[in-house]
Amino acid sequence: MKRHLLEAADLDRDDATLVLDTAAQIDQALAGREVKKLPTLRGRTVVNLFYEDSTRTRISFELAAKRLSADVINFSAKGSSVSKGESLKDTALTLEAMGADGVVVRHSASGAPHRLAHWVRGSVVNAGDGTHEHPTQALLDAYTIRQRLGRLDGVRVTIVGDVLHSRVARSNVGLLHTLGAQVTLVAPPTLLPVGVGSWPAEVGYDLDAALPKSDVVMMLRVQAERMNASFFPSAREYSRRYGLDARRMAALPDEAIVMHPGPMNRGMEIAAEVADSVRSTIVEQVANGVSTRMAVLYLLLGGSPQ
Amino acid sequence: MTTYLIKGARPLGGAPADILVTDGRIAAIGDSLDATGAEVVQAAGLVALPGLVDLHTHLREPGREDAETVQTGSRAAALGGFTAVHAMANTDPVADTAGVVEQVWRLGQEAGLVDVVPVGAVTVGLAGERLAELGAMADSAARVRVFSDDGHCVADPALMRRALEYVKAFDGVIAQHAEEPRLTAGAQMHEGDRSARLGLTGWPAAAEEAIIARDVLLAEHVGARLHVCHVSTAGSVEILRWAKSRGVRVTAEVTPHHLLLTDACAESYDPVFKVNPPLRTDADVEALRAGLADGTIDAVGTDHAPHAVEDKESEWAQARPGMLGLEQALSVVIETMVEPGRLDWAGVADRMSVRPAQIGRLADHGRPIAPGEPANLVLVDPTARAAVDPAALASRSRNSPYAGRELPGRVVATFLRGTATVLDGKATR
């Protein structure tokens with residue numbers, strides 16, 4: 001494993017498989033236990049450095065670190081020196097001086113974790129940077145797919161929605177490709193980046209054509225404000241062409257699952273009856289997020305696995 | 001005034017000759033000149049070029065003296081072999097009045113290392129709304145002939161047309177920063193495969209090309225002079241080639257960094273590589289070199305853009321765009337154009353001195369190396385190679401994209417109207 005986890009490309013197939021296997025071991029070790037805690041990272045310090053509001057991701061990382069017995073410090077941009085104009089570098093040097101072993105960073109600027117990694121000695125884990133990547137989301141998604149379908153190799157994954165602005169999509173395309181899955185991106189052309197043709201993924205504009213060939217459909221959050229910048233004409237038209245409703249869900253193969261990284265816009269990209277259906281893995285994804293992040297922190301901070 | 005005898009230099013890379021410099025002019029050129037009392041400059045193996053002229057320099061004074069001053073920028077320019085630089089107007093206050101351009105011009109005179117030629121803003125406050133007093137700036141002591149809102153595009157087509165027309169009265173030229181602002185909102189880097197992967201908002205080539213296409217048509221329509229700043233795309237070169245073939249009075253410049261670097265640099269997320277227009281692709285770099293070689297692109301303009309450390313040591317999106325260029329411009333041209341055989345030394349003199357001087361209407365610069373001409377000269381050792389050390393630069397800022405990169409060419413001496421501004425590779429003041 002590399003020292004940092006900044007993007008999906010930091011993980012080769014062996015590393016990624018190791019993370020997923022470790023997460024599975026952690027799940028097994030904790031299953032049925034009254035005290036859901038492992039002593040692995042006792043005495044280590046993990047800082048959650050969050051420049052963007054993200055309650056779910058921060059809580060997931062916090063829980064992961066605490067279940068590994070690490071000391072956790074939550075450093076949120078609001079109400080700290082950051083809001084008084086302290087630079088990323090000065091914050092990094094402060095954390096460094098305090099002896100952070102791991103820094104989990106969420107930032108609105110693409111590449112901010114890469115900069116941070118230059119300035120701290122500890123391991124940096126990217127918890128989402130701008131419109132770049134969110135590698136632990138991709139790991140938990142891969143873990144969830146493997147758990148449900150029993151494999152990743154050859155699995156057909158269709159990712160639908162605002163690929164242009166999605167760090168989840170970027171990380172998933174990279175990681176799922178590494179793990180042998182076949183990825184298809186479906187979106188209105190305005191929400192696909194120029195240059196998407198160079199990604200290891202098929203690209204299409206027609207959701208109905210893609211669904212029967214999908215073992216996994218991953219719906220991305222679409223912000224209604226995007227219509228103000230003419231990425232699409234209206235929320236209603238978006239929903240009609242790219243939303244996953246019950247009728248469309250019926251076109252999926254029998255075993256296929258529906259995923260969403262959250263938070264959802266029910267009624268926009270995903271209908272309530274789909275989100276709450278048995279195909280939906282949305283709640284499992286949240287649970288798997290904790291074990292996957294435990295695996296990442298363990299492998300980056302805890303030394304080599306047994 | 002010191003008399004200099006430059007021994008054995010190769011004017012424009014030709015046969016070695018001695019050059020005698022007296023009273024600010026070239027007094028004689030010949031074999032084994034003897035001038036008693038003259039200070040001898042040993043120049044065997046060095047190439048002599050007319051002093052370089054930059055159409056595009058940010059000296060940051062007034063307003064950001066922490067990043068650069070006229071003094072420090074002048075020293076950087078002299079060390080880069082320049083004898084004249086055009087100081088861009090995006091200072092604070094903006095150089096949009098006779099008062100500000102005269103102040104910058106005077107600071108340049110006081111520094112005395114290069115001719116600092118102020119560029120006047122096209123519009124008041126660079127706001128793109130109404131014309132600045134272009135005539136007053138032209139008539140001032142600074143004798144402004146180049147006008148630019150650089151950093152901003154004169155995006156309003158009607159205003160651009162009026163500006164092009166208006167400056168005809170005093171033989172001025174509008175230097176356009178070609179960037180359609182609606183297409184580059186929030187843009188961080190070249191839009192293509194790499195921006196897609198890095199998640200940085202793309203700056204499409206079409207945003208530059210659309211404005212250049214529009215402006216060459218406007219310049220043709222009103223019979224005015226247009227200069228295009230920092231051309232960065234293959235498509236722009238094509239449009240310029242087409243416009244020139246129609247006889248449009250358009251000139252263009254390319255920066256050293258666009259001749260050498262590509263958007264691959266952005267993969268580090270190190271904002272030292274953030275610049276506007278952004279670094280482009282290998283294919284664009286190749287088209288720019290070809291355009292400079294065949295003369296479609298008239299000049300190299302450095303777009304020397306000093307920035308304080310805190311404006312670059314940050315997240316990519318927060319960092320200011322721009323990079324240093326004065327001290328490495330000639331080296332980059334040697335690396336990208338001379339060594340591959342695409343431009344000879346006469347070509348370097350043409351693109352870095354003669355044509356930019358003509359575009360800026362500078363009578364004393366870009367002249368032949370011949371008796372009677374003003375002694376604006378640079379002596380360069382084309383074989384010396386060294387790694388760039390930002391800490392050793394004369395600029396007050398350190399944002400060089402060439403840090404650690406080995407480049408050819410060392411400026412040994414620079415003369416401004418017969419006065420040595422650089423000797424033995426060191427600034428004389």
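Side-chain atoms are counted along with the backbone in the values below, which use heavy atoms only and exclude waters and symmetry mates. Protein chains get the first letters and strands the later ones, always in sequence-line order, with residue 1 at the start of each.
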(message) At a 4.5 Å cut-off on heavy atoms, which part of B:Gln188 comes close to chain A: side chain, backbone, both, or neither?
(response) neither

(message) Quick check on the interface: out of B:Ala266, B:Ala185, B:Gly192, who has the most heavy-atom pairs with chain A under 4.5 Å?
(response) B:Gly192

(request) For chain B, find which of A:Ser198, A:Gly174, A:Ala112 contributes the most heavy-atom pairs closer than 4.5 angstrom. (result) A:Ser198

(message) Against A:His134, only a single residue in A:Leu139, A:Asn172, A:Val168, A:Asn126 fulfils side-chain contact (heavy atoms from CB on, under 4.5 Å); can you say which?
(response) A:Val168

(request) Return yes if a side-chain donor-acceptor contact under 3.5 Å exists between B:His230 and B:Glu208, otherwise no. (result) no

(request) Decide if the gap between the ring center of B:His56 and the ring center of B:His58 is smaller than 6.0 angstrom. (result) yes

(request) With a 4.5 angstrom heavy-atom cut-off, could you sort out which part of A:His165 is near chain B: side chain, backbone, both or neither? (result) neither

(request) Please determine which of B:His307, B:His304, B:Arg396 meets the side-chain hydrogen bond (donor to acceptor under 3.5 Å, both in side chains) test together with B:Glu68. (result) B:His304

(message) Only pairs of heavy atoms separated by less than 4.5 Å count here; which of A:Ala229, A:Ala109, A:Gly111, A:Gly197 has the most with chain B?
(response) A:Gly111

(request) Report yes or no: do B:Thr233 and B:Arg280 form a side-chain donor-acceptor pair below 3.5 Å? (result) no

